[in-house]
Amino acid sequence: MGYETILYEVADGVATITLNRPAKLNAFDDTMIAETLDALKAAGRDEAARCVVLTGAGRAFSSGQDLVGFERRGGDVSIAEHLRHGYHRLVRQMVTMEKPIVGAINGVAAGAGCGVALAADIRIAAADASFMLAFSRIGLIPDSGVNWFLPRIIGYSRAYEMAITAERVPAAKALEWGLVSRVVPTAQLPEIAAAYARQLAEGPTLAFGLTKRAMNRAWDTSLEEALAYEALLQEVAGRSQDNVEGIAAFLQKRPPRFSGK
Ligand code: LHQ
């Protein structure tokens, strides 16, 4: 696919999306927002893609909104409209697509770049990576879903402090706070994230997708509703080829060969 601002490839069951404006630390302009959304949708549709890796080229994951491009449009631009048409669709697509998304956080994730990193299901960070809610430095509030994701992941007080101080949270602290699952040597991040994603791509993709749906729904429901919904989805998982294969493999004492269906 002919993208200008991202790289997209599907190999070994993994769709890799690389934000690719390294001279601007992968700041999001309109094209990069649209292309990332398009690539996520393509990965969602592609049966050959059973896991997604989202990462950045160069030394940053993403520095958030491209402030140069944005500022040049003048004062009459509606930020709300920009958010609704851009980041909201991106973040919603990430949360609703029923395949695991691994954020390979290779460097700083700032502003909306942090929002996009938080919308991934699992984050693996390079030792040099950091997370920064840069918004307050320019007199804004967190957006692109940060207010929803971050307190849920690290708790309100840490999230609020990150927002009002705009200080960088380094990878080691992010690990301690549960913001990332693993920290790996920077040079090895692409290889480690790819190997991990390949392993996930061999899993029961349908069940992985339904799990994502069940957990995301459960944030906003009562226990009773969550129990009812998981029973409904388990009925679907229980009729999958992978459930038959998983049980057969267990009984035959061999590793399962999941098709994702
Ligand atoms: C950039 C950017 C950038 C353009 C680095 N844009 N060029 C939503 C809707 C509408 C409006 C506003 O916002 C939003 C959501 C948001 O995302 S708000 C938050 C926007 N992001 C920021 O405020 C972060 C701005 N960047 C920084 O604070 C620093 O660049 C960080 C801390 C990320 C990295 O610092 P350094 O490692 O020291 O790198 P640097 O500052 O030297 O940047 C390298 C180059 O990248 C530099 O260009 P140059 O031509 O001088 O080499 C920067 O101008 C450019 N760049 N971020 N967001």
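Residue numbers start at 1 and run along the sequence shown. Just so you know, ligand 1 is whichever comes first in the structure, and atom 1 is the first atom listed for that ligand.
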S.K.: So which bit of Met132 gets within less than 4.0 Å of ligand 1, heavy atoms only: side chain, backbone, both or neither?
M.R.: side chain
S.K.: Distance from Ile33 atom CD1 to Ile6 atom CD1, nearest 0.5 Å?
M.R.: 12.0 Å
S.K.: Which of the atoms in ligand 1, numbered in the order shown and given with their element, are less than 4.0 Å from a heavy-atom of His82?
M.R.: 9 (C), 10 (C)
S.K.: Going by a strict under-4.0 Å cutoff (protein heavy atoms only), does atom 30 (O) of ligand 1 have a neighbour on the protein?
M.R.: yes
S.K.: May I ask you to identify, for Ile79, whether its side chain, its backbone, both or neither come under 4.0 Å of ligand 1 on a heavy-atom basis?
M.R.: side chain
S.K.: Mark whether atom 50 (O) of ligand 1 lies under 4.0 angstrom from at least one protein heavy atom.
M.R.: no
S.K.: Say whether Arg59, considering both its backbone and side-chain N or O atoms, lies within less than 3.5 Å of an N or O atom on ligand 1.
M.R.: yes
S.K.: Please work out whether any backbone atom (N, CA, C, O) or any side-chain heavy atom from C-beta onward of Phe28 is under 4.0 Å from ligand 1, and answer side chain, backbone, both or neither.
M.R.: neither
S.K.: Taking only heavy atoms of Ala23 into account, list the atoms of ligand 1 that are under 4.0 Å away from them.
M.R.: 45 (C), 46 (O)
S.K.: Looking at residues at least two apart in the chain, or sitting in another chain, which of them share a side chain to side chain contact (heavy atoms under 4.5 Å, CB included) with Tyr160?
M.R.: Tyr156, Ile164
S.K.: Looking at atom 39 (O) of ligand 1, would you say a protein heavy atom lies below 4.0 Å from it?
M.R.: yes
S.K.: Do Tyr3 and Asp38 meet the criterion of a side-chain donor-acceptor pair at a distance under 3.5 Å?
M.R.: yes
S.K.: Using distance only, find each side-chain donor-acceptor pair of residues 129-146 under 3.5 Å and give its atom names and separation, not counting sequence neighbours.
M.R.:
| residue | atom | partner | partner atom | Å |
| --- | --- | --- | --- | --- |
| Ser136 | OG | Ala163 | O | 3.0 |
| Arg137 | NH2 | Ala166 | O | 3.3 |

S.K.: Give a yes or no on whether a salt bridge exists between Glu4 and Arg21, defined as a side-chain N under 4.0 angstrom from a carboxylate O.
M.R.: no
S.K.: Around atom 12 (C) of ligand 1, find the nearest protein heavy atom and jot down its residue, atom name and distance.
M.R.: Leu140 CD1, 3.6 Å
S.K.: Decide salt bridge (Lys or Arg N to Asp or Glu O under 4.0 Å) for Lys24 and Asp29; before the verdict, give the C-alpha distance in whole Å, the side-chain angles of both, and the deciding distance to 0.1 Å.
M.R.: CA-CA 10 Å; Lys24 291 201 159 204; Asp29 63 0; over 6 Å; no
S.K.: Considering heavy atoms of the protein only, find what lies nearest to atom 43 (O) of ligand 1 and give residue, atom and distance to 0.1 Å.
M.R.: Leu25 CD1, 3.5 Å
S.K.: Among all protein heavy atoms, pick out the one at the shortest distance from atom 8 (C) of ligand 1; state its residue, atom name and that distance to 0.1 Å.
M.R.: Asp143 OD2, 3.3 Å
S.K.: Establish whether atom 46 (O) of ligand 1 and some protein heavy atom are separated by less than 4.0 angstrom.
M.R.: yes
S.K.: Can you list the ligand 1 atoms lying under 4.0 Å from a non-hydrogen atom of Phe70?
M.R.: 10 (C), 11 (C)
S.K.: Does the protein put any heavy atom within less than 4.0 Å of atom 58 (N) of ligand 1?
M.R.: yes
S.K.: Are there more than 12 heavy atoms of other residues, nucleotides or ligands under 6.0 Å from atom CZ of Phe149?
M.R.: yes
S.K.: Asp12 side chain to Val14 main-chain N or O, any donor-acceptor pair under 3.5 Å?
M.R.: no
S.K.: Quick one: look up the protein heavy atom nearest atom 6 (N) of ligand 1 and list residue, atom name and how far away it is.
M.R.: Leu67 N, 3.0 Å
S.K.: For Gly64, take its heavy atoms, then give the atoms of ligand 1 lying under 4.0 Å from any of them.
M.R.: 17 (O)
S.K.: Out of Ser63, Gly111, Ala134, Ser62, who is nearest to atom 21 (N) of ligand 1 when you count heavy atoms only?
M.R.: Ser63
S.K.: Relative to atom 13 (O) of ligand 1, which among Gln65, Arg21, Arg168 owns the nearest non-hydrogen atom?
M.R.: Gln65
S.K.: Mark whether atom 34 (C) of ligand 1 lies under 4.0 angstrom from at least one protein heavy atom.
M.R.: yes
S.K.: Is there a donor in the side chain of Gln65 and an acceptor in the side chain of Tyr87, or the other way round, less than 3.5 Å apart?
M.R.: yes
S.K.: Phe135 heavy atoms, cut-off 4.0 Å: which ligand 1 atoms fall inside?
M.R.: 15 (C), 16 (C), 18 (S)
S.K.: Answer yes or no: is there a donor N or O on one side and an acceptor on the other, between the side chain of Arg50 and the main chain of Ala201, under 3.5 Å?
M.R.: yes
S.K.: Could you state the interatomic distance from CG (Asn20) to OG1 (Thr36), rounded to the nearest 0.5 Å?
M.R.: 10.5 Å
S.K.: Would you call Glu81 and Arg84 a salt bridge, using N to O less than 4.0 angstrom?
M.R.: yes
S.K.: For Ala112 and ligand 1, does the shortest N/O to N/O distance drop below 3.5 Å?
M.R.: yes
S.K.: Would you call Glu235-Arg239 a salt bridge at under 4.0 Å N-O?
M.R.: yes
S.K.: I need the nearest protein heavy-atom contact for atom 1 (C) of ligand 1: residue, atom name and distance, please.
M.R.: Lys24 O, 3.9 Å
S.K.: Please report which non-hydrogen protein atom sits nearest to atom 4 (C) of ligand 1, along with the residue it belongs to and the distance in Å to one decimal place.
M.R.: Asp66 OD1, 3.4 Å
S.K.: Decide, yes or no, whether a salt bridge links Arg217 with Glu225 under the criterion of side-chain N to carboxylate O below 4.0 Å.
M.R.: no
